[in-house]
Amino acid sequence: MTAPAMAALAQPALAAQAQSVDWLAITPPTLTAVLALAVLVADLFLPERRKPLLGVITLAGLAAALLTLLPLIGEDRATFCVAADAGGACSYTADGFTLVVQLLVLGGALLTALLSLATVRDDRLPAGEYWFLLLASAAGAALLPASRDLATLVIALEVASLPAFALVGLRRGERRSSEAALKFFLSSVAATAVTLLGVSFVYAVTGTLHLTEIAARLPEADPALHTLARAGIALTLVGFAFKTAAAPFHFWVPDTYTGAPVPVAGYLSVVGKTAGLTGIALVTVLAFPSYGDLWGPLLAVLAAVTMTAGNTAALRQRPGRRHSAVRLLAWSSVGQAGYLLVPLAAAAYTGTPDEAVGATLAYALMYAAVNLGAFAVVALVARTRPAGRLTDHRALYATHPAHALALAFFLLCLAGLPPGVVGLFAKVAVFSAAVDAGLGWLAVVMALNVVVALVYYLRWTALLFRPAADGAALPRAVPRPLTAAVAVAALIGAALSGAPQLILRFTATGLF
């Protein structure tokens, strides 16, 4: 056969394997990644006095990435798909779930960048490296919700995590920061190794990495491989549980948060946690629905233990201890992770898992805005009182009434008390998901933990309005970026409190 004839025969086969890339669908994470590289290159040419421009470029780029979500609303797009005869499984999907999580991730990164402008300058952090690492991590976190195969999912998780290690330890010459980064890194590497082992087990049973294909093949797998499949599913969840700070994989949280710059701690508490929750939602609901009898009880127990461990430790924080403000928020984030896991556990017991996942996303949207706002006020106080004690916030209302009222609002939202209506609504949505799924015992555990959390949230809120014990007052001068970050978070919280029912409607649209 002649060479032209062979080429003609091969052409249809090559056409069947050709990949057409939907550039609009992949724009949000791609634009963020390109911006990260652009900032790193620009840092090489900018003089030291012009380095603050990199922060402005980062803010503008993240805002542009958020705008690229608008054309994707109401559409389900998929790209990087295998051949049609293999079932049409795709590695990247931009559906309603993806857009909600990307909105949360990119919005959280934008608020973190605004909060970081003053920190980068005051702590003399290397600007180019800081903004590059923040954008690179945000790009990985934005890719994760669109990932529809285990390989892409793990890669996205690591792209989101690896820059975060460096961000934690970026304060050069500070032992506490380096130690925190090392603990974070070693713990995460171990968790990732376990996850990869689980993924290999699942691949051995099903022969595929695409989530929808795994869901179709697991029920038909050889019964002799049943134990291997269950082990693979359990191990796969370990890495995502670590990122979510679920007990017993939460031990790195308090030391990492206190050793990191305050904006980085806020970023980890929101975007890092969202990445873990997204991974858990995708692998359980999409890939392992037939094994709900395994991961449902496992997530329910994780949720109960996590919220109890986090709230108990937060309650025991001594107000006069150094870094007690960040430590309390760190343990509070562990407790909040328990609440966020409740609807994911409920998804195993209900015929509408997308509604359960929607309850988790609704709670995550509320939590992201108010928690980053709380970290912004803590960063404000830490500028003049670097010990970071809870008692340093005493009499904040006397010198900074607007910031004190904003922090009180954030804490009441986290507690689920008025005027933080959105916090109360989110907790009711999570509680309802547990009750509707027949997990009454988990709903009782959650109710008890909410009561425990009220104590330390209200204790901190009361400190803001007490007179100063030593007569000292915080300086009134506050950097504009910090004030802007607090204001944006407060406005988002207030807007969500004004129409909380819209959150569930938004997060429940087009999931999966």
About how many Å separate CG of Leu365 and CD1 of Ile492, when rounded to the nearest 0.5 Å? 9.5 Å

Do Leu412 and Pro419 come close enough that some side-chain heavy atom pair is under 4.5 Å? yes

Hey, could you give me the CZ/CG distance between Arg322 and Asp392, rounded to the nearest 0.5 Å? 9.5 Å

Derivation of the side-chain hydrogen bond (donor to acceptor under 3.5 Å, both in side chains) call for Glu213 and Thr206: CA-CA 8 Å; Glu213 291 294 307; Thr206 61; over 6 Å; no

Which atoms form the tightest heavy-atom contact between Ala245 and Val253, and what is the distance? CB-CG2, 3.6 Å

With a 4.5 Å heavy-atom cut-off, do Phe251 and Ser187 have their side chains touching? yes

Going through the checks in order, is the ring pair (Phe, Tyr, Trp, His ring centres under 6.0 Å) test met by Tyr291 and His226? CA-CA 10 Å; Tyr291 280 76; His226 180 68; 5.6 Å; yes

Test item: Thr244 side-chain N/O and Ala246 main-chain N/O as donor-acceptor pair under 3.5 Å: no

Are side-chain heavy atoms of Val428 and Leu424 found at a separation under 4.5 Å? yes

For Val168, does its backbone N or O pair with a side-chain atom of Ser177 as donor and acceptor, under 3.5 Å? yes

Can you give me every donor-acceptor pair (side chain of residues 258-268, partner residue at least two apart or in another chain, under 3.5 Å) with its distance?
unit_1, atom_1, unit_2, atom_2, d
Thr258, OG1, Pro254, O, 2.9
Thr258, OG1, Asp255, O, 3.1
Tyr267, OH, Ser137, OG, 2.8
Tyr267, OH, Ala138, N, 3.3

side-chain contact (heavy atoms from CB on, under 4.5 Å) partners for Ala215, two or more places apart: Pro289

Residue set satisfying side chain to side chain donor-acceptor pair (under 3.5 Å) with Ser161, at least two apart, ordered chain then number -> Lys243

Closest non-hydrogen atoms of Leu390 and Ala325, given as atom of the first, atom of the second and distance, are CD2-CA, 3.8 Å

Of all heavy-atom pairs linking Ala485 and Leu111, the shortest is O-CD1, 3.8 Å

Which pairs with one or both residues in residues 449-463 pass side chain to side chain donor-acceptor pair (under 3.5 Å), sequence neighbours excluded? Thr308-Asn449, Asn311-Asn449, Asn311-Tyr456, Ser332-Tyr457, Gln336-Tyr457

When you compare the side chain of Pro28 with that of Leu72, does any pair of heavy atoms fall below 4.5 Å? yes

Using a 4.5 Å cut-off on heavy atoms from C-beta on, say whether the side chain of Phe431 contacts that of Val435. yes

Would you say Arg148's side chain and Cys90's backbone share a donor-acceptor pair under 3.5 angstrom? no

Does Thr306 reach the side chain of His250, with side-chain heavy atoms less than 4.5 Å apart? no

Rounded to the nearest 0.5 Å, how far does CG of Leu458 lie from CG of Leu411? 9.0 Å

Distance-only, no hydrogens or angles: does the Arg394 side chain make a donor-acceptor pair with backbone N or O of Pro467 under 3.5 Å? yes

Separation between CG of Leu66 and CG of Leu103, rounded to the nearest 0.5 Å: 6.5 Å

Rounded to the nearest 0.5 Å, how far apart are CZ of Phe409 and CG of Leu414? 10.0 Å

I'd like to check the side-chain contact (heavy atoms from CB on, under 4.5 Å) partners of Ala348; sequence neighbours left out, ordered by chain and number. Trp295

Gap separating the OG1 atom of Thr360 from the CG atom of Leu341, nearest 0.5 angstrom: 7.5 Å

Which pairs pass side chain to side chain donor-acceptor pair (under 3.5 Å) with one or both residues in residues 366-379, sequence neighbours excluded? Ser269-Asn371, Tyr367-Asn371

Residue pairs meeting ring-ring contact (aromatic ring centres under 6.0 Å, His included), one or both in residues 228-247, sequence neighbours left out, come to Phe242-Trp252

Do Trp331 and Val334 have side-chain heavy atoms sitting under 4.5 Å apart? yes

Tell me, which pairs form a side chain to side chain donor-acceptor pair (under 3.5 Å) where one or both residues lie in residues 431-445, sequence neighbours left out? none

Should the heavy atoms of other residues, nucleotides or ligands under 6.0 Å from OH of Tyr397 be counted, would the total exceed 12? no

Partners of Ala221 by side-chain contact (heavy atoms from CB on, under 4.5 Å), sequence neighbours excluded? Val205

Counting only N and O atoms by type, is there a donor-acceptor contact under 3.5 Å from the side chain of Asp222 to the main-chain atoms of Leu225? no

Can you name the closest pair of heavy atoms from Leu218 and Ala287 and give their distance? CD1-O, 3.8 Å

Taking the six-membered ring for Trp, are Phe465 and His393 closer than 6.0 Å centroid to centroid? no

In short, side chain to side chain donor-acceptor pair (under 3.5 Å) pairs touching residues 410-430 with sequence neighbours left out are Tyr363-Lys427

Could you tell me which residues satisfy side-chain contact (heavy atoms from CB on, under 4.5 Å) with Arg321, sequence neighbours excluded, listed by chain and number? Gln317, Arg318, Ser324, Arg327

Identified side chain to side chain contact (heavy atoms under 4.5 Å, CB included) counterpart of Leu344 within the set Thr284, Val357, Val285: Val357

Side chains of Thr350 and Glu355: any donor to acceptor distance under 3.5 Å? no

Taking every non-hydrogen atom, the tightest pair across Gln102 and Ala146: NE2-CB, 4.4 Å

Within the distance-only criterion (no hydrogens, no angle test), does the side chain of Ser178 pair as donor or acceptor with the backbone N or O of Gly169 below 3.5 angstrom? no

Any sub-3.5 Å donor-acceptor pair from Thr236's side-chain atoms to Gly232's backbone N or O? yes

Would you check if Leu150 and Ile214 make a side-chain contact, meaning some heavy-atom pair closer than 4.5 Å? yes

Solution key, residues 193-204 side-chain donor-acceptor pairs under 3.5 Å, sequence neighbours excluded:
unit_1, atom_1, unit_2, atom_2, d
Thr195, OG1, Ala191, O, 3.0
Thr195, OG1, Gly239, N, 2.8
Ser200, OG, Leu197, O, 2.5

